[in-house]
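A, B, ... follow the sequence lines: proteins, then strands. Residue 1 opens every chain.
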Amino acid sequence: MTTDTLVLARQQLLAPAGLGENDLHRTLACLLDHAIDGGDLYFQQRRAESWGLEDGQVKNASHAIQQGVGVRAVSGEKTGFAYSDEIVPPALLEAATAARSIARSGGEARLQVWRSAQRPALYEPLDPLETLSANAKVRLLEAVDAEARRQDPRVTQVMVSLAAVRDTILVAGSDGTLAGDLRPLVRLNVSVIVEHGGRREQGSSGGGGRVGYGWFLDQDRALGHAREAVRQALINLDAVPAPAGTLTVVLGPGWPGILLHEAIGHGLEGDFNRKGTSAFSGRIGERVAAPLCTVVDDGTLANRRGSLNIDDEGTPTQCTTLIERGVLKGYLQDTLNARLMKAAPTGNGRRESYAHLPLPRMTNTYMLPGEHDPAEILASVERGLYAVNFGGGQVDITSGKFVFSASEAYLIENGRVTRPVKGATLIGNGPDVLTKVSMVGNDLQFDAGVGTCGKDGQSVPVGVGQPTLKIEALTVGGTQA
Amino acid sequence: MPEAIAPTTAPLPAREHLETLVGDILAEARAQGATAAEAAVSFGSALTVTVRLGEVETLEHHRQRGLAVTVYHGRSRGSASTADWRPEAIRDTVQSACAIARHTAADPYAGLADPERLAREIPDLDLYHPWTLSAGEAIELARECEAAALALDPRIRNSEGGGVATRAGLVVYGNSHGFCGGYPTTRHSLNCSVIAQDTEGMQRNHWYTVGRDRDDLETPVAVGQQAARRALRRLGSRRLETRRVPVLFAPELARGLIGHFVAAIRGGALYRKASFLLDRLGTPVFPEFVTIRERPRLPGALGSAPFDSEGVATADRDVVANGVLQGYVLDSYSARRLGMRTTGNAGGAHNLIVEPGPLGHEELLRQLDTGLWVTELLGHGVNLVTGDYSRGASGFWVEKGRIQYPVHEITIAGHLNEMFEGVAAVGGDVDVRGGIRCGSLLLERMTVAGE
Ligand SMILES: [Zn+2]
């Protein structure tokens with residue numbers, strides 16, 4: 001079933017202000033009065049709520065509405081940008097006048113006729129805030145709390161948060177792009193503290209996606225996160241200091257895929273490569289990974305946190321191959337960088353909100369499965385680290401150095417997983433870390449829907465995934481030298 | 001050159017206008033049945049430009065409004081926010097907050113700050129110095145900044161650009177105890193990020209200057225040249241073998257370490273027992289020569305505020321005296337939960353100043369003798385519950401007080417308790433570009449992981 005999201009977006013964003021297509025035309029024409037290659041208008045309304053539980057009770061909750069329109073003018077490599085939090089004709093023209101000042105008058109570009117593509121939606125255009133009553137939200141949080149506390153008497157603190165966002169967007173571009181999207185997003189997070197013999201440790205688990213709150217009630221997901229958070233915290237109670245130095249590292253499936261996000265994904269974003277500032281610049285066609293490795297960025301996975309029907313420039317998302325059997329294949333593009341690099345946009349132009357400029361960003365980044373049984377991979381390691389859960393990561397795209405921090409890890413000794421070790425940061429070099437991959441598991445998993453990526457001060461939801469991976473050498477930042 | 005469009009940033013609305021809105025919100029909350037309420041209305045505008053390789057890259061005009069309310073129905077509360085200032089939006093926003101408060105549990109600690117703690121007078125702290133520069137002038141400054149970096153050395157081959165940002169804002173906060181106050185602030189900055197390249201590869205680095213007043217800023221040439229020098233000195237970086245050595249944190253990173261200390265003595269972390277610094281009040285956390293003062297009312301400083309985000313008057317105090325922890329960082333809620341009084345830190349600490357020591361950078365390197373001088377950190381490997389610390393790093397290997405070569409792709413790890421206790425020196429080279437002011441910190445020993 002296809003739902004005409006453009007019609008819905010128009011009703012929500014344009015109709016209340018009495019704006020029609022001629023107002024969009026007039027604003028874009030005002031932009032094109034100056035020597036710009038093009039421009040766009042990005043209308044957005046965001047409704048968000050979050051509910052928080054601690055001490056066994058829901059004590060805090062908030063609701064937020066944000067709306068506005070961002071106006072962008074592009075001329076060569078130059079971008080002019082202004083926005084308004086009022087969606088009314090005078091504010092539109094004022095923003096357009098400010099944005100177009102990037103260039104002088106006398107442009108060549110012509111306004112194109114509207115065209116909009118429609119395709120099957122990857123998620124329902126629902127308002128997730130309305131998918132559960134307030135009472136039911138409170139009961140869900142209380143049930144998660146009870147489940148966590150029921151697991152073990154050493155649980156001393158349980159904090160649970162439940163949040164939903166509904167984003168409605170409409171993009172109108174001077175190239176004729178006219179597209180809308182209604183984007184639901186929910187998220188549940190459980191964080192616990194356990195205490196034993198004077199030692200305190202934490203554990204957390206969460207998930208979500210572009211769905212309604214009912215997702216958490218299905219398949220016991222919400223309670224599963226409660227149990228998982230407690231399990232992790234209890235394991236950390238027994239953790240010994242992590243080793244320091246270069247080791248063989250086996251990464252578990254799913255969320256450890258932030259390796260790919262940090263080590264590979266950011267370095268392949270179009271802006272850095274157009275400017276030649278990435279350690280991957282100019283390396284298309286070169287071998288940057290073992291032949292076992294194929295890595296893609298896929299914005300078209302149904303209901304996933306990183307997925308979008310269209311990106312924030314109206315380009316339909318797609319599955320882009322970044323590395324194919326070890327060879328660098330492609331970059332992630334928005335329209336500006338695609339045009340300047342004479343490449344096609346890949347549906348990766350994303351922005352945090354109408355008040356931010358679009359940038360090339362990832363969606364769901366993952367590695368395709370290989371042939372090995374995960375048990376076989378672990379058995380092949382004489383001495384190493386098995387890291388299955390992570391906190392955040394970061395990368396310096398120019399030097400290629402990246403880090404990601406393990407929050408649950410174990411020693412591997414003689415092919416067996418033995419003691420849990422304390423969290424430690426792992427550091428490596430993006431352009432060569434995947435050349436050290438010697439085994440790829442057959443167990444591809446995606447993360448549970450918790451990723452947020454930051455770039456230039458803008459946060460956007462993303463996803464990652466990978467099968468179990470064996471990396472022959474990676475530096476582990478423990479304390480045991 | 002682009003046409004110069006009218007002043008830098010949209011003019012601020014009159015404070016009285018925002019005060020009226022706050023009054024309207026509080027009245028609406030009362031009308032809808034709230035027993036108490038607090039509200040904040042904000043306006044901000046900014047102009048930012050970036051210039052890359054001599055050409056304008058982005059020119060952004062920012063102008064944002066905000067309105068946030070928290071209502072209390074007895075001891076139950078609800079919050080809501082919007083960017084819309086119209087009366088019907090105020091009504092709807094209060095309604096959303098009240099709807100939430102009907103579902104949240106009564107919390108005996110919830111409520112407004114105690115009336116006797118609210119600021120009685122609001123001194124002018126000299127935080128507002130608008131910079132009337134046109135977009136064209138801003139572009140010229142950014143260009144000058146980047147050009148200085150590119151001209152410094154032929155190995156500066158590429159750039160992420162020079163940038164200028166100027167912001168002005170006004171926030172008015174009020175509550176149903178009768179407090180209503182607000183003040184305008186400005187914040188201006190210049191930044192530059194460039195890439196040095198040699199046969200071995202590329203290294204990027206940046207520098208910035210920030211202040212309330214444009215006169216507090218370093219010159220564009222100084223910022224550009226410093227960015228270039230920082231990128232150049234990273235060329236030829238090597239790895240280190242795994243070892244335990246003393247570590248010198250550059251001032252901008254030392255500020256981050258003090259930030260972890262502050263995060264661990266915040267009320268929220270303490271009442272949840274989610275801090276490695278529980279029950280440490282009155283005990284030594286740092287060596288005796290370390291003193292950390294809070295000076296919230298320093299004129300013109302980036303962290304200054306006459307009152308905190310719930311209207312409580314700020315005041316000078318010592319957070320650490322002679323190494324001993326003197327007080328926490330509390331708002332009213334966390335203070336009540338801990339059976340204490342708020343320290344006027346709703347929204348965070350205001351100008352925490354680590355008392356500078358006598359040693360400059362060269363002398364600190366001599367005291368370090370043989371070890372690691374860390375100039376950049378990567379990642380977020382800090383666990384405030386346990387105090388475990390493990391982050392990616394780059395910097396310089398130092399032997400006998402002399403820099404030997406740049407290093408990268410290493411980690412540094414330790415435990416924050418031991419790192420704080422093991423502070424061997426505080427530098428006199430204070431970085432004032434933020435709410436925490438600190439010189440270099442020399443730590444006795446950390447684990448460096450590498451090859
Ligand atoms: Zn990221």
Heavy-atom proximity to chain B below 4.5 Å, by part of [X]:
| X | answer |
| --- | --- |
| A:Ala279 | backbone |
| A:Glu195 | side chain |
| A:Gln157 | side chain |
| A:Phe272 | side chain |
| A:Lys401 | both |
| A:Phe390 | neither |
| A:Ser50 | neither |

Contact part of [X] toward chain A, heavy-atom cut-off under 4.5 Å: side chain, backbone, both or neither?
| X | result |
| --- | --- |
| B:Ala106 | backbone |
| B:Arg234 | side chain |
| B:Ser79 | both |
| B:Arg445 | neither |
| B:Ile410 | backbone |
| B:Tyr271 | both |
| B:Arg391 | backbone |
| B:Leu378 | both |
| B:Glu409 | both |
| B:Glu55 | side chain |
| B:Ser159 | backbone |

Among the listed options [options], the residue most often paired with chain A at heavy-atom distances under 4.5 Å:
| options | result |
| --- | --- |
| B:Gly450, B:Ala393, B:Ala83 | B:Gly450 |
| B:Thr411, B:Ile412, B:Thr70, B:Thr48 | B:Thr411 |
| B:Gln197, B:Met446, B:Glu160 | B:Glu160 |
| B:Ala105, B:Ser76, B:Gly381, B:Gly66 | B:Ala105 |

Can you tell me how far [atom2] of [Y] sits from [atom1] of [X], rounded to the nearest 0.5 angstrom?
| X | Y | atom1 | atom2 | value |
| --- | --- | --- | --- | --- |
| B:Ile195 | A:Thr398 | CD1 | OG1 | 4.0 Å |
| A:Asp396 | B:His408 | CG | NE2 | 10.0 Å |
| B:Arg157 | A:Thr277 | CZ | OG1 | 15.0 Å |
| B:Asp84 | A:Gln66 | CG | CD | 12.5 Å |
| A:Ser399 | B:Met202 | OG | CE | 9.0 Å |
| B:Asp388 | A:Ser407 | CG | OG | 12.5 Å |

Donor-acceptor contacts, no H, no angles, side chain residues 93-103 of chain B, under 3.5 Å, sequence neighbours left out:
from: B:Thr93; atom 1: OG1; to: B:Ala89; atom 2: O; distance (Å): 2.6
from: B:Ser96; atom 1: OG; to: B:Asp92; atom 2: O; distance (Å): 3.1
from: B:His103; atom 1: ND1; to: A:Asn135; atom 2: OD1; distance (Å): 3.3

At a heavy-atom distance under 4.5 Å, which candidate from [options] has the highest pair count against chain B?
| options | value |
| --- | --- |
| A:Met159, A:Glu262, A:His63 | A:His63 |
| A:Pro241, A:Ala244, A:Pro243, A:Ala61 | A:Ala61 |
| A:Asn429, A:Val138, A:Val476 | A:Asn429 |
| A:Gly392, A:Gly52, A:Gly423, A:Gly276 | A:Gly276 |
| A:Leu53, A:Leu357, A:Leu426, A:Asn236 | A:Leu357 |

Determine whether [X] and [Y] make a side-chain contact, defined as any pair of heavy atoms from C-beta on separated by less than 4.5 Å.
| X | Y | answer |
| --- | --- | --- |
| A:Thr246 | B:Arg239 | yes |
| A:Ser101 | B:Leu59 | yes |
| B:Arg77 | A:Asn60 | yes |
| B:Glu60 | A:His356 | no |
| A:Ile102 | B:Val56 | yes |
| B:Val385 | A:Ile193 | yes |
| B:Asp107 | A:Gln57 | no |

Donor-acceptor contact below 3.5 Å, side chain [X] vs main chain [Y]:
| X | Y | value |
| --- | --- | --- |
| A:Asp85 | B:Arg65 | yes |
| B:Thr447 | A:Thr479 | yes |
| A:Thr425 | B:Ser390 | yes |

Legend entry - Crowding at CD, B:Glu241 (>12 non-hydrogen neighbours, <6.0 Å): no
Legend entry - Residues A:Gln202 and B:Asn383: side-chain donor-acceptor under 3.5 angstrom: yes
Inset, instruction - Begin with the C-alpha distance, continue with both residues' side-chain angles, and end with the deciding distance and a verdict on side chain to side chain contact (heavy atoms under 4.5 Å, CB included) for B:Ser275 and A:Arg200. - result: CA-CA 9 Å; B:Ser275 165; A:Arg200 269 182 218 92; over 6 Å; no
Legend entry - Ring centres under 6.0 angstrom apart (A:Tyr83, B:His62): yes
Inset, instruction - Determine the minimum heavy-atom distance between A:Gln394 and B:Gly379, stating which atoms define it. - result: OE1-N, 2.7 Å
Legend entry - Pair B:Tyr333-A:Lys59, side chain to side chain contact (heavy atoms under 4.5 Å, CB included): steps then yes or no: CA-CA 12 Å; B:Tyr333 181 79; A:Lys59 295 175 174 181; 3.8 Å; yes
Legend entry - Pair B:Arg272 + A:Glu54, salt bridge at N-O below 4.0 Å: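 Salt bridge between B:Arg272 and A:Glu54, a charged N being under 4.0 Å from a carboxylate O: yes.
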Inset, instruction - Salt-bridge test for B:Glu57 and A:Lys275: reply yes if a basic N is under 4.0 Å from a carboxylate O, no otherwise. - result: yes
